[in-house]
Amino acid sequence: MKTTPQQLLLAWYHTHGRHDLPWRTTNDPYRIYLSEIMLQQTQVKTVLERFYFPFLEKFSTFNEVACAEVDDVLKMWEGLGYYTRARNLHAAARACQGILPATAQELMTLPGIGRSTAHAIAAFAYREALPILDANVKRILHRYYALGERDEKQLWGYAYDLFDKQHPFEYNQAMMDLGSLVCVGKQPKCDECPFGKHCKGRAEPLRYPMAKVTKPKPIRVRDIILFEREGKFALAQRKERFLSGLWGFAQYEKGSWGYHSHYLGHITQHYSHFTLEADCYHETHNDPQEEFEWFSLEEIGRLSLSRADHKVLQWIHPKEKD
DNA sequence: GAGGCGTGGAG
DNA sequence: TCTCCAAGCCT
């Protein structure tokens, strides 16, 4: 009997896989689901060391998420980014009344759960025989089948081709570990790869997939005004899609705030699709427009703020050393 | 279907 | 410091 690529992969996984990750040692669908959402576009280290356990401490069941206010869910997401994930998690909990569906087909109808995440939850929590297609699997498939072009639909076909439907949990976990530990982007360790000669792209792994054309990020130049009145500061909760639900200080187009407020300093914040360059000012004589509310420093601590607004906070923390 | 959507790790 | 990009989804 010839050894199949799938057998080689599983053998490698048993020896080299990250078996101690907390979402791999639980059967709780909610804990598996939460990990999948937090890990979208986010490194394992970040989720593991800063966000996964505190969130579960606050919301130990999916039903507790459903019963909570969305602002409290956002607070636990503060600093993690892509905040729509938190809002969708809350909306999903409400939509299914705190009881997670048990099939990929139903999971996919919930907000924030796409095809790959639905397959991941179904495979990991319920052993449903479905392949995932995340960035790790994509990179492996591109190389394994020597595919230069990025074609999502085609990749799903290959994902099913290589899939081991007898071992959905271990196969999917193994592929993610292989992608993050061996078949990495810059310097793949082909010598350590269990697929060995099965991989069509092994001779020139960096050709698969083809590099993207990266467009330069636009820069937005703004003024941020810290309005202070009797020890309280003005913040507004964002209604727009960007950083939706988070609180922030007043932000204006450069120069459009007409007063000569006291200059505090400059911040730079890199977002996914633009860079913010902002000068910060302290304003104690004039008030901002309508939608702002006033909070003490202690009260601000209970709000969810973006990274940029946290940077602004540094200027008003009384006698804090750097 | 291409772009919006955060943050920080890693080289 | 700069660039890339990490367990994607939604519009």
Side-chain angles (χ1 to χ4, degrees), chain A residues 17-18 21-24 31-52 74 77-89 91-92 107-125 130-140 149-156 159 169 171-181 183-188 206 209 211-220 238 240-246 248 267-276 304-311:
Chain A
R18 299 172 292 183
L21 294 173
W23 41 86
R24 285 184 181 174
R31 291 178 177 244
I32 291 168
Y33 163 45
L34 178 67
S35 76
E36 290 302 324
I37 302 303
M38 283 190 166
L39 288 163
Q40 288 171 1
Q41 303 299 99
T42 309
Q43 295 193 344
V44 169
K45 178 185 170 69
T46 300
V47 172
L48 196 56
E49 295 181 358
R50 297 176 49 200
F51 294 95
Y52 188 63
L74 271 175
W77 215 268
E78 186 182 39
L80 185 53
Y82 284 150
Y83 299 96
T84 298
R85 293 181 295 174
R87 302 170 64 80
N88 281 337
L89 181 72
L107 287 164
M108 221 177 316
T109 67
L110 294 173
I113 301 183
R115 188 175 179 185
S116 187
T117 298
H119 287 196
I121 299 167
F124 299 150
L130 294 168
I132 61 174
L133 188 60
D134 71 338
N136 288 311
V137 176
K138 285 180 181 176
R139 191 169 51 253
I140 294 171
E149 194 175 341
R150 298 167 190 270
D151 183 331
E152 182 93 3
K153 194 172 174 181
Q154 183 187 42
L155 279 184
W156 270 111
F169 179 98
Y171 171 86
N172 284 326
Q173 302 283 23
M175 287 290 275
M176 287 192 289
D177 282 359
L178 189 65
S180 63
L181 299 174
C183 195
V184 294
K186 301 285 173 91
Q187 294 186 300
L206 298 187
K212 288 183 214 166
V213 285
T214 55
K215 281 181 277 189
K217 269 189 201 175
I219 298 174
R220 293 184 196 170
R238 297 170 184 267
E240 65 273 26
R241 189 153 71 108
F242 181 59
L243 297 175
S244 183
L246 300 197
I267 65 161
T268 300
Q269 181 65 31
H270 300 284
Y271 293 108
S272 56
H273 55 300
F274 70 94
T275 295
L276 172 69
S304 298
L305 272 64
S306 72
R307 184 79 179 87
D309 285 297
H310 272 290
K311 287 179 181 174

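Since the structure is predicted, the reported quantities are computational estimates derived from the model, not experimental observations.
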Toward the 5' end of DNA chain B, which comes first, Lys186(A) or Tyr82(A), by nearest nucleotide? Tyr82(A)

Quote, to the nearest angstrom, the C1' distance that separates dC4(C) from dG6(B). 15 Å

With a 4.0 Å cut-off on heavy atoms, is Val137(A) in touch with a base, just the backbone sugar-phosphate, or nothing at all? nothing

How far does the P atom of dG3(B) sit from the matching atom of dA7(C), given to the nearest Å? 23 Å

Indicate, with a heavy-atom threshold strictly under 4.0 Å, whether Ala120(A) touches base, sugar-phosphate, or nothing. nothing

Want to settle it: does Gln173(A) or Met108(A) sit nearer the 5' end of DNA chain C, counting the closest nucleotide to each? Gln173(A)

Could you state the interatomic distance from NZ (Lys311(A)) to OG (Ser306(A)), rounded to the nearest 0.5 Å? 9.5 Å

So if I take every side-chain heavy atom of Leu243(A) and compare against dG4(B), dG6(B), dG8(B), which nucleotide ends up nearest? dG6(B)

Side-chain donor/acceptor of Arg24(A) to backbone N/O of Arg18(A), under 3.5 Å: yes

Name the nucleic acid region contacted by Gly179(A), choosing base, sugar-phosphate or nothing; use a 4.0 angstrom heavy-atom cut-off, strictly under. nothing

Using a cut-off of strictly less than 4.0 Å, decide whether Gln41(A) has a side-chain nitrogen or oxygen near OP1 or OP2 of dC5(B). no

Hey, does Arg18(A) reach any base, or is it just sugar-phosphate, or nothing, if we go heavy atoms under 4.0 Å? base

Between dG8(B) and dC9(C), how many Å separate the two P atoms, rounded to a whole number? 23 Å

Given dG6(B), dC9(C), dG9(B), which nucleotide is nearest the side-chain atoms of Ser116(A)? dC9(C)

From dC4(C), dG8(C), dG4(B), pick the nucleotide closest to the side chain of Thr214(A)? dC4(C)

For His119(A), the option from Leu107(A), Asn172(A), Ile113(A), Leu130(A) that meets side-chain contact (heavy atoms from CB on, under 4.5 Å): Leu130(A)

At less than 4.0 Å, is any side-chain N or O atom of Arg307(A) found next to OP1 or OP2 of dG8(B)? Yes or no. yes

For Ala118(A) and for Thr42(A), locate the closest nucleotide of DNA chain C by heavy-atom distance; then report the residue assigned to the nucleotide nearer the 5' terminus. Thr42(A)

Nearest listed nucleotide, side chain of Asn88(A), among dA7(C), dA10(B), dC10(C): dC10(C)

Measure from CZ on Phe274(A) to C1' on dT7(B) and round the result to the nearest Å. 13 Å

Which whole-number value in Å describes the distance from Glu152(A) CD to dC10(C) P? 13 Å

Between dT7(B), dC5(B), dA7(C), spot the one nearest the side chain of Phe242(A), thanks. dC5(B)

Of Gln187(A) and Lys217(A), the one whose nearest nucleotide on DNA chain B sits closer to the 5' end is Lys217(A)

Applying side-chain contact (heavy atoms from CB on, under 4.5 Å), name anything that partners Ala86(A), two or more places apart in sequence or on another chain. Val73(A), Leu74(A), Trp77(A)

Phe51(A) atom CZ is separated from dT7(B) atom C1', nearest whole Å, by 8 Å

Touch class at under 4.0 angstrom, heavy-atom based, for Ser244(A) against every strand present: nothing

Just how far, in rounded Å, is C1' of dA2(B) from CG of Asp151(A)? 15 Å

Is the side chain of Lys138(A) donor-acceptor paired with the backbone N or O of Glu152(A) at a distance under 3.5 Å, no angle test? no

Between NZ of Lys153(A) and P of dG8(C) the distance, given in whole Å, is 22 Å

Once you apply a heavy-atom cut-off of 4.0 Å, does Trp77(A) come out as touching a base, just sugar-phosphate, or nothing? nothing

Does dA6(C) have OP1 or OP2 under 4.0 Å away from a side-chain N or O of Arg139(A)? yes

Counting only side-chain heavy atoms from C-beta out, which of dC9(C), dT7(B), dC5(B) sits nearest to Ser272(A)? dC5(B)

Please step through side chain to side chain donor-acceptor pair (under 3.5 Å) for the pair Gln40(A) and Arg85(A), ending with a clear verdict. CA-CA 9 Å; Gln40(A) 288 171 1; Arg85(A) 293 181 295 174; 5.1 Å; no

Is the distance from OP1 or OP2 of dC9(C) to the nearest side-chain N or O of Thr117(A) less than 4.0 Å? yes

How far apart are the C-alpha atoms of Ser35(A) and Tyr52(A), what are their side-chain angles, what is the distance that settles it, and do they pass the side-chain contact (heavy atoms from CB on, under 4.5 Å) test? CA-CA 7 Å; Ser35(A) 76; Tyr52(A) 188 63; 3.9 Å; yes

Which heavy-atom pair separates Tyr171(A) from Ala159(A) by the least distance, and what is that distance? OH-O, 4.5 Å

dT7(B) P sits how many Å from Tyr52(A) OH, rounded? 23 Å

Minimum-distance nucleotide to Asp134(A) side chain [options: dG8(C), dA10(B), dG4(B)]: dG8(C)

Would you say a side-chain N or O of Tyr83(A) is under 4.0 Å from OP1 or OP2 of dT7(B)? yes

Is there a side-chain polar atom (N or O) of Lys215(A) under 4.0 Å from OP1 or OP2 of dG3(B)? yes

Write down the distance between CZ (Arg87(A)) and P (dC9(C)), rounded to a whole number of angstrom. 19 Å

Would you classify Leu133(A) as touching base, sugar-phosphate or nothing, given that sugar-phosphate means primed atoms plus P, OP1 and OP2, and contacts are heavy atoms under 4.0 Å? nothing

Measure from CG on Leu206(A) to C1' on dC4(C) and round the result to the nearest Å. 14 Å

